[in-house]
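Notes follow once the structure below has been shown.
Lettering follows sequence order; numbering is per chain, from 1. Scope of the values below: all heavy atoms of this structure, side chains included, with no hydrogens, waters or symmetry mates.
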2 protein chains.
Amino acid sequence: MPKQFNENSPEPACEFIACEDCGLYRLCHLASDGEDPSLSNALIKRRFVLRRGEYLYRQGDSFHAIYAIRLGSTKTYIINEDGRTQITSFHGPGELIGLDAIEAGYFDSEAIALETTSFCEIPFSHFQELSRQLPDLQHQMLAIMSRAILRGQQMMLLLGKKDATEKLATYLLSLCRHLDKDASPTPPFKLTMSRGDLGNHLGLTQETICRILTRFQEDGIICFQNKTIHFLNHSRLRELASKTRADR
Amino acid sequence: MPKQFNENSPEPACEFIACEDCGLYRLCHLASDGEDPSLSNALIKRRFVLRRGEYLYRQGDSFHAIYAIRLGSTKTYIINEDGRTQITSFHGPGELIGLDAIEAGYFDSEAIALETTSFCEIPFSHFQELSRQLPDLQHQMLAIMSRAILRGQQMMLLLGKKDATEKLATYLLSLCRHLDKDASPTPPFKLTMSRGDLGNHLGLTQETICRILTRFQEDGIICFQNKTIHFLNHSRLRELASKTRADR
DNA sequence: CGCTATATTGACCAGAGTCAAGCTTTGTGG
DNA sequence: CCACAAAGCTTGACTCTGGTCAATATAGCG
């Protein structure tokens, strides 16, 4: 039950991601900047908000739109026949969700808001119509999907070849990329997912996540208090993310 | 150094995959069946053959084409900073290779022939030109990439949540899908990759692969002799591929 | 202000990795 | 065509990382 998002709501607009920083920007920009000004805003149908725990879509839902996060975060996971789940990605502002359902026409995965989260919805039919007029739009979409495939491959490497310490260090580093570079120590960062979710995503248990976070803190690499985390030593984290040693 | 493939070579043509069974079919078919007959064969630039161990492309090579396998098999892998590799997929007849390089414009992965392998090459520029005239071509490409993303997600589930037995059973089952359904026992199937490669792909060691293959044979599920394998009990394999038990 | 979900920490254990030895297959050159 | 080398496969013994189970502690929520 997504409720319509009110542009004039009391929520602080400044925290929303700027369109220029959105993964959709090159799509939207092409559309609104095209030769025909009537294309303006043709891509985005609506914006809406979900609260923590609400589903963006569920397994079996039919696919008709892709989504971009304006503010907030989600987790996306697939479900095995026996009920086990694998969180395939966490998404934050500017990231796209739903690309995996284009072929089948329905979702095999589920997406849930981890906190109050605001989305842009791009109906796939809008995208298809527009892209007949703007071939570059097509290319941008291919680029976006190509990037999603690359991310999947990096995830396979992490899950298949890294030990627990490397996994967590790698993930924490990927969070830093979104933050101000180089700044060390960084401003506080909020982990919106639970330890269990983080473990699930990385192929570990929540207990292992706890233990390693504690160790990183003892070693002065991070400083955390529940969900809030400071990164104190980026370069050490980078070393830990891929220890040099013989190939397995 | 790919050598030009000779259509009139003495190799048995019957073993090549039929175009109708190729992952590219819907692309090629659209192109050669379009309203403008001059589009015929505009997609495929050439066909060529690689021998075992020869590279289709290497890390850093610039991207200009995607490839379809006509006959044979390849492995594709990515390389971590520390030199560890993760085989992200094995490809057989009808499958597409190179989709991960579209965004960057160069390959971050490498692809190697596991045996003598014959390819169709589709220059990406051909595809882009044609797709301006045939919007359906674009949609087919999105579908193909969407499927690649799904495969990646299934791989994450396998690597992150399954134990060694389940991993191998799942992989063996995926091989069966390509074979004649239901037939049990199936005709002999050739594993073209080494035990080490198979282990690498599944997040295991070659020793573990050996031990589990031996166990499967003792249990009458498969029968193998070196690289040749017969599937004797599909349903048991299906049970092993996802043991019912509590979610981790 | 209690209740529930989440997080932390410890003790113990098992699955898969490592190391090592021997075997088989494949490929090469004489 | 054979001999030898190299690569790949198999099996066993042992180790160790990270999972499991369990007991608190803490945070967030109504």
Side-chain angles (χ1 to χ4, degrees), chain A residues 51-54 75 84 86-87 112-116 158-171 188 190-218 222-229 240 243 245-248, chain B residues 51-54 75 84 86-87 112 114-116 158-171 190-218 222-229 240 243 245-248:
Chain A
R51 308 210 149 269
R52 174 182 165 78
E54 289 181 330
K75 63 175 174 182
R84 275 175 288 182
Q86 171 70 40
I87 295 175
I112 278 189
L114 292 170
E115 60 190 316
T116 301
L158 179 143
L159 290 169
K161 295 289 172 294
K162 296 193 174 190
D163 67 24
T165 303
E166 294 172 305
K167 284 175 174 177
L168 190 52
T170 303
Y171 183 73
K190 186 105 183 278
L191 295 173
T192 53
M193 75 292 288
S194 70
R195 302 286 192 268
D197 281 350
L198 192 44
N200 178 300
H201 181 53
L202 300 177
L204 301 170
T205 59
Q206 61 171 346
E207 292 92 329
T208 299
I209 299 291
C210 277
R211 282 187 254 266
I212 297 176
L213 281 177
T214 301
R215 185 152 49 76
F216 282 177
Q217 178 152 248
E218 286 165 1
I222 60 171
C223 170
F224 73 96
Q225 161 94 97
N226 201 25
K227 303 248 189 210
T228 304
I229 184 168
L240 288 173
K243 299 186 195 107
R245 61 179 180 187
D247 193 357
R248 281 190 197 178
Chain B
R51 308 210 149 270
R52 176 182 162 77
E54 290 181 329
K75 64 175 172 182
R84 275 175 287 182
Q86 170 71 42
I87 295 175
I112 278 189
L114 291 170
E115 60 190 316
T116 300
L158 179 144
L159 291 169
K161 296 287 170 294
K162 296 193 174 190
D163 67 25
T165 304
E166 294 172 306
K167 283 175 175 178
L168 191 51
T170 302
Y171 184 73
K190 185 109 184 276
L191 294 172
T192 54
M193 75 293 288
S194 69
R195 302 285 192 268
D197 280 351
L198 191 45
N200 177 300
H201 181 54
L202 300 177
L204 301 169
T205 59
Q206 62 170 345
E207 292 93 329
T208 300
I209 299 290
C210 279
R211 282 186 253 267
I212 297 176
L213 281 178
T214 300
R215 185 151 48 77
F216 282 176
Q217 179 153 248
E218 287 165 0
I222 61 171
C223 170
F224 73 97
Q225 160 96 100
N226 200 23
K227 303 250 190 207
T228 304
I229 183 168
L240 288 172
K243 299 183 195 111
R245 60 180 178 184
D247 192 358
R248 282 191 196 175

Review point. Base, sugar-phosphate, or nothing for A:G199, non-hydrogen atoms under 4.0 angstrom?
Key: nothing
Check your understanding: From B:Y171 OH over to B:I209 CD1, what is the distance, rounded to the nearest 0.5 angstrom?
Key -> 10.0 Å
Practice item. Can you measure from CG (A:L202) to CG (A:L198) and round to the nearest 0.5 angstrom? Key: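 A:L202 CG to A:L198 CG: 5.0 Å, rounded to 0.5 Å.
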Please report, rounded to the nearest Å, how far the [atom2] atom of [N] is from the [atom1] atom of [X].
X      : N      : atom1 : atom2 : answer
B:N200 : C:dA16 : CG    : P     : 17 Å
A:R51  : D:dG28 : CZ    : P     : 17 Å
A:I212 : D:dG18 : CD1   : C1'   : 9 Å
B:L198 : D:dT10 : CG    : P     : 11 Å
A:L202 : D:dG19 : CG    : P     : 11 Å
B:L158 : C:dA16 : CG    : P     : 12 Å
B:D163 : D:dT20 : CG    : C1'   : 15 Å
B:K161 : D:dT20 : NZ    : P     : 11 Å

Point to revise | Polar side-chain atom of A:K161 near backbone of B:Q86 as donor-acceptor pair, under 3.5 Å | key: no
Practice item. Could you tell me whether the side chain of A:E166 and the main chain of A:L240 form a donor-acceptor pair under 3.5 Å? Key: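 Answer holds: no.
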Who passes side-chain contact (heavy atoms from CB on, under 4.5 Å) against [X], sequence neighbours left out?
X      : value
A:S194 : A:D197, A:K227
A:T192 : A:S73, A:L114, A:E115, A:K190
B:I112 : B:Y55, B:K75, B:Y77
B:T170 : B:L158, B:K162, B:A241

Exercise for review: For DNA chain C, list all stems, counting runs of three or more consecutive pairs where every pair is Watson-Crick or G-U wobble with both distances under 3.5 Å.
Suggested key: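 So far as stems of 3 or more pairs are concerned, DNA chain C shows C:1-30 with D:1-30.
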Practice item. Would you list the pairs meeting salt bridge (charged side-chain N to carboxylate O under 4.0 Å, His left out) in which at least one residue belongs to residues 202-216 of chain B, sequence neighbours left out? Key: none
Review point. Could you run down nucleotides 3-10 of chain C 5' to 3' and tag each one B, S or - for protein heavy-atom contact under 4.0 Å?
Key: ----SBBB
